[in-house]
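On a predicted model such as this, the values are computed, not experimentally measured, just so you know.
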Amino acid sequence: MCELNPLVSEVPVTSRHTDTRSPTEPSSARFPSVELAGNLLNRLILVLLLWMPGLTVAGDDTVTFVDIAQQLSSGLDYQRGESVSTSLAEELYLKPILQPSDFPDFPVKWRGAPGVALLDFDADGDIDIYVTNGPGRDNSLFSNQLREGEPSELIDLASQAGVAATDQDSSGVCFGDTDNDGDADLFVLSNFGSNRFFENRGDGTFDDRSSSHGLGSDVRSSVSCSFGDVDGDGLLDVVVANSWQDMSNGNAIGRDPFAYNQHNQLYRNLGNNHFEDVSLSSGIRQLRGFPPGFDGSPSLTWAVAMVDYDLDGDVDIIHADDQGVIPFARYGGVDRGFIHILDNDGSGHFTDVTVERGLQEPGQWMGLAFADLNDDGHLDIFGSNFGDFATLPFTALNPIYGVLSPYELGDSSSRWYFGSASGEFSSPGVGDLVATPFGWGASMFDYDNDADTDIVYHGGHVTVVINIADNFGVILENDGHGAFDYDLQALAGSADHHRRIVHGVAVGDLNDDGFSDIVSVSNADIQPEIPLVQHAPVFSTPVDPLAVYQVNLETTDKAFEYTTKAQAKIANGTLSVEINSGNHRRWAKVVLKGSKGLTSQGVVNRDGIGAVVRFTTWNGQSTMRPVTGGSSYASQDSLELGFGLGDERYGQIDVLWPGGVRNRLYGVRHGETVRFPEIPCAIDGPWSRFGDYIHCLGSSLGELWSAGEISFREKARFFASGVLAYLAERH
């Protein structure tokens, strides 16, 4: 290797990882390590760094969150109201005696299933909040005023914007620029009734196009959705996760593993925001891994995401399914609750490869999140689960469940799976965590900006026997290698999450300070005067004292009979907006821009949904996250991705776009928000001549500049980085 220019010798030029890719493995299968060499490369790096002076900051590493929703000045007056099935559950609770045979008659989500989305609906450069509600109450669209310093920090404009959906029992929500006109369109689901599609007019208001555009005609019990371009035509399609036929009862949870379930749906975008249901022809209904004779049966899905899990340039579908109280096969039951992977062949046809990818592990899977947790260049999966603590009171208070559903420690743990070059996933277990609480919504983010990816997940659940309240607001802090510890301080001074039955969770930088914030919504809250019971501390973990629950029923001297308790009454749900205090560590943010219709060769939707972004600091530490059009549970993170730099000043961004093109930008500085456009000229493409690549690069950047998408300075910067990356790939 040539000696580096002494002016930039402080910048390490090799990744700490060795490239173990075999000669036959396609370059799109992972992000290769980058080795910089040669005088031309040094000069280009020097030019980039001279443009971007370093910044120095100081302080400690501690991060805490404050819930501004509890402040009167915030303007966040949201309360989740009753659901269609609330009265049904309350009538059952009035019975003086309940038999276990009555339990399936209870609605599983009798206070609704709210979700939250973080989007810039009015294109003013900050992140707004959309949160769903029950019938008779407006959904909320909080316009973000944090940067403007307005008396109310967030203002609910849902009614004025036309997205209140007051008559709908709204559940999940997702968003994306479905017509590539530069603004975010909304898709709002319902457990009871039709779903709603709202087309953004571009002036801060929406048109309800549900009945005329193909997304509101079918009535199912829908809970989550995700946008992505399944067939590579530059238009966002949408997948919908459905539960079971009638959510006014709990039949699907325990009476039969498949009979009550509903198939998920995939809608293809035909253009002009018209959609057609291609669920059957796409193959997404052909689920595998079930017992003989049941392949192709519908599952009970809570969360769904479109994500390029294998980094081959197309979006696949991953959904989290619930085992319910049906015993696992190893305990004499039937395995049905898997994290399913539906692999895309690039044309929008899917094959279930759950078994081949090593994810045929049953669980009560409820939330999903994706990132590279152990810095090996492969995407990993986190799934929230029923948890280990909540199984205890079911065994103690309900002998029926104790007999039918035996569990061992770890069976229902929320846990992560590491991806690999072969495409298979493996679970390392939960390590020093030992046991985990219950979970619904989940996200991955670098909350402390130390250049690795952490996990947040919330959850609570109202059941006949107990109200599960063991999730105190879980933040799992990464040690940099994919092992985790509980951070018990970050949320300790924020909302009392024990009493919030949280469902939807999303993350994004609401106040634009470079540190990600957390938004969560509960479908109900446990009233302050109601006592919470601590689980027996059988696991010897730091969170044992925090694992609590509310008793809803008391046993009688008659076998399997329970007296109802007045304490089962609960309060309306709440919204929590937890602002990150930040620390001294550095950061950068990335906003992608697909160039479909902006350049002659652009193929990616304007939001860049489906792309995978890898950020590498100058010491070689990498983190990687996909841009998803919905995941978590019933929710969607901000499309703006934040990356921690730790104590480094600079890094580089690699983007794998839908379609397989890879771009790179060097010299990304601390505190910078990069608007990264799709440049349809792959740095590792099969170019026969250097001049062909240069022509593609220059003409594409010229088109983006002419369209007003980049400045002349940005044009020069991306050109220099593109040349450097091309040479680095071939050195």
**OP:** Would you please test Ser494 and Asp67 for side-chain hydrogen bond (donor to acceptor under 3.5 Å, both in side chains) and show each step?
**Re:** CA-CA 5 Å; Ser494 188; Asp67 183 12; 4.9 Å; no

Original post:
Between Glu714 and Lys593, is there a side-chain N and carboxylate O pair less than 4.0 Å apart?
Top reply: no

**OP:** Go through the steps for Glu153 and Val577 under the test side chain to side chain contact (heavy atoms under 4.5 Å, CB included), then give the verdict.
**Re:** CA-CA 11 Å; Glu153 295 167 335; Val577 179; over 6 Å; no

Original post:
Looking at side-chain heavy atoms only, is the closest gap between Asn144 and Ile129 below 4.5 Å?
Top reply: no

Original post:
If you look at every heavy atom in Asp487 and Ala490, which pair is closest and at what distance?
Top reply: OD1-N, 3.1 Å

Subject >> Working for side chain to side chain contact (heavy atoms under 4.5 Å, CB included), residues Asp647 and Arg586 >> reply: CA-CA 6 Å; Asp647 296 323; Arg586 299 181 173 95; 4.2 Å; yes

**OP:** Would you check if there is a donor-acceptor pair between the side chains of Gln79 and Asp77 at a distance under 3.5 Å?
**Re:** no

Subject >> Non-hydrogen side-chain atoms of Leu118 and Asp128 separated by less than 4.5 Å >> reply: no

Original post:
Minimum heavy-atom separation for Arg80 to Asn523, with atom names?
Top reply: CG-O, 3.6 Å

Original post:
Can you tell me how far OG1 of Thr132 sits from CG of Leu189, rounded to the nearest 0.5 angstrom?
Top reply: 9.0 Å

Original post:
When you look at Leu154 and Ile68, which way does the side chain to side chain contact (heavy atoms under 4.5 Å, CB included) test go after all the steps?
Top reply: CA-CA 10 Å; Leu154 293 106; Ile68 65 171; 3.9 Å; yes

**OP:** Measure the CH2-NE2 distance between Trp587 and His670 for me, rounded to the nearest 0.5 Å.
**Re:** 6.5 Å

**OP:** Give the minimum heavy-atom separation between Asp525 and Ile501, together with the two atoms involved.
**Re:** OD1-N, 4.1 Å

Original post:
Does any N or O in the side chain of Asp156 come within less than 3.5 Å of the main-chain N or O of Leu141, such that one atom is a donor and the other an acceptor?
Top reply: yes

Subject >> Any donor-acceptor pair under 3.5 Å from Asn580 side chain to Phe515 backbone >> reply: no

Original post:
Under 4.5 Å between any side-chain heavy atoms of Val613 and Phe643, yes or no?
Top reply: yes

**OP:** Would you please say whether a donor-acceptor pair under 3.5 Å links the side chains of Asp61 and His584?
**Re:** yes

**OP:** Side-chain contact test, heavy atoms from C-beta onward, threshold under 4.5 Å: evaluate it for Ser427 versus Arg415 and give yes or no.
**Re:** yes

**OP:** Evaluate side chain to side chain contact (heavy atoms under 4.5 Å, CB included) for Gln636 paired with Thr628, printing each intermediate quantity in order.
**Re:** CA-CA 8 Å; Gln636 183 172 340; Thr628 59; 5.5 Å; no

Subject >> Donor-acceptor under 3.5 Å (Ser226 side chain, Val239 main chain) >> reply: no

Original post:
Got a donor-acceptor contact below 3.5 angstrom from the Thr453 side chain to the Met444 backbone?
Top reply: no

Subject >> Closest non-hydrogen atom pair, Gln489 against Thr64 >> reply: O-CG2, 4.3 Å

Subject >> Pairwise side-chain contact, Thr436 with Asn385, heavy-atom cut-off 4.5 Å (strictly under) >> reply: no

**OP:** State the CD1-OG distance between Ile155 and Ser74, to the nearest 0.5 angstrom.
**Re:** 11.5 Å

**OP:** Measure from the side-chain N and O atoms of Asp485 to the backbone N and O of Glu477, and report whether any donor-acceptor pair falls under 3.5 Å.
**Re:** no

Original post:
Quick check, are the ring centers of Phe425 and Tyr417 under 6.0 angstrom apart?
Top reply: no

Original post:
Would you say the side-chain atoms of Arg500 and Thr574 include a donor-acceptor pair closer than 3.5 Å?
Top reply: yes

**OP:** Evaluate the side-chain proximity of Asp308 to Leu656: yes if any heavy-atom separation is below 4.5 Å, no if none is.
**Re:** yes

**OP:** Report yes or no: does Ser622 contribute a side-chain atom to a donor-acceptor pair with the main-chain N or O of Thr616 at less than 3.5 Å?
**Re:** no

Subject >> Minimum side-chain heavy-atom gap Leu488-Leu546 below 4.5 Å >> reply: yes

Original post:
To the nearest 0.5 Å, how far apart are CG in Asp185 and CZ in Phe206?
Top reply: 7.0 Å

Original post:
Is there a side-chain contact between Thr673 and Glu640, using heavy atoms and a 4.5 Å cut-off?
Top reply: yes

**OP:** Please report the shortest heavy-atom distance between Glu648 and Trp618, naming the atom on each side.
**Re:** OE1-CB, 3.8 Å

Subject >> Check: Tyr78 ring centre within less than 6.0 Å of Phe142 ring centre >> reply: no

Subject >> Modelled atom types, side-chain donor and acceptor of Ser159 and Asp138, under 3.5 Å >> reply: no

Original post:
Does CG in Asp479 sit with more than 12 non-hydrogen atoms of other residues, nucleotides or ligands closer than 6.0 Å?
Top reply: yes

**OP:** Please step through salt bridge (charged side-chain N to carboxylate O under 4.0 Å, His left out) for the pair Arg614 and Asp372, ending with a clear verdict.
**Re:** CA-CA 9 Å; Arg614 185 174 186 180; Asp372 180 6; 5.1 Å; no

Original post:
Atom CE in Met624, atom CZ in Phe370: separation rounded to 0.5 Å?
Top reply: 12.5 Å

**OP:** Would you please indicate if the ring centroids of His378 and Phe418 are separated by under 6.0 Å?
**Re:** no

Original post:
Is a side-chain donor or acceptor of Glu578 paired with a backbone partner of Phe65 at a separation under 3.5 angstrom?
Top reply: no

**OP:** Say whether, by atom type as modelled, one donor and one acceptor occur between the side chain of Asn478 and the main chain of Leu373 under 3.5 angstrom.
**Re:** yes

**OP:** Give a yes or no on whether the backbone of Ile530 and the side-chain of Arg499 come within a donor-acceptor separation of less than 3.5 Å.
**Re:** yes

**OP:** Quick one: pull up CG in Asp637 and CG in Leu119 and give me the separation to the nearest 0.5 Å.
**Re:** 12.0 Å

**OP:** Could you go through the ring pair (Phe, Tyr, Trp, His ring centres under 6.0 Å) check for Phe676 and Phe718 one step at a time?
**Re:** CA-CA 9 Å; Phe676 203 126; Phe718 279 107; 5.0 Å; yes

Original post:
Would you call the rings of Phe438 and Trp440 parallel, tilted or perpendicular, where under 30° means parallel and over 60° means perpendicular?
Top reply: perpendicular

Subject >> Ring centres under 6.0 angstrom apart (Tyr633, Tyr457) >> reply: no

Original post:
Looking only at heavy atoms, what is the nearest atom pair of Ser520 and His497, with distance?
Top reply: OG-CE1, 4.2 Å

Subject >> Test item: Asp380 side-chain N/O and Gly419 main-chain N/O as donor-acceptor pair under 3.5 Å >> reply: yes

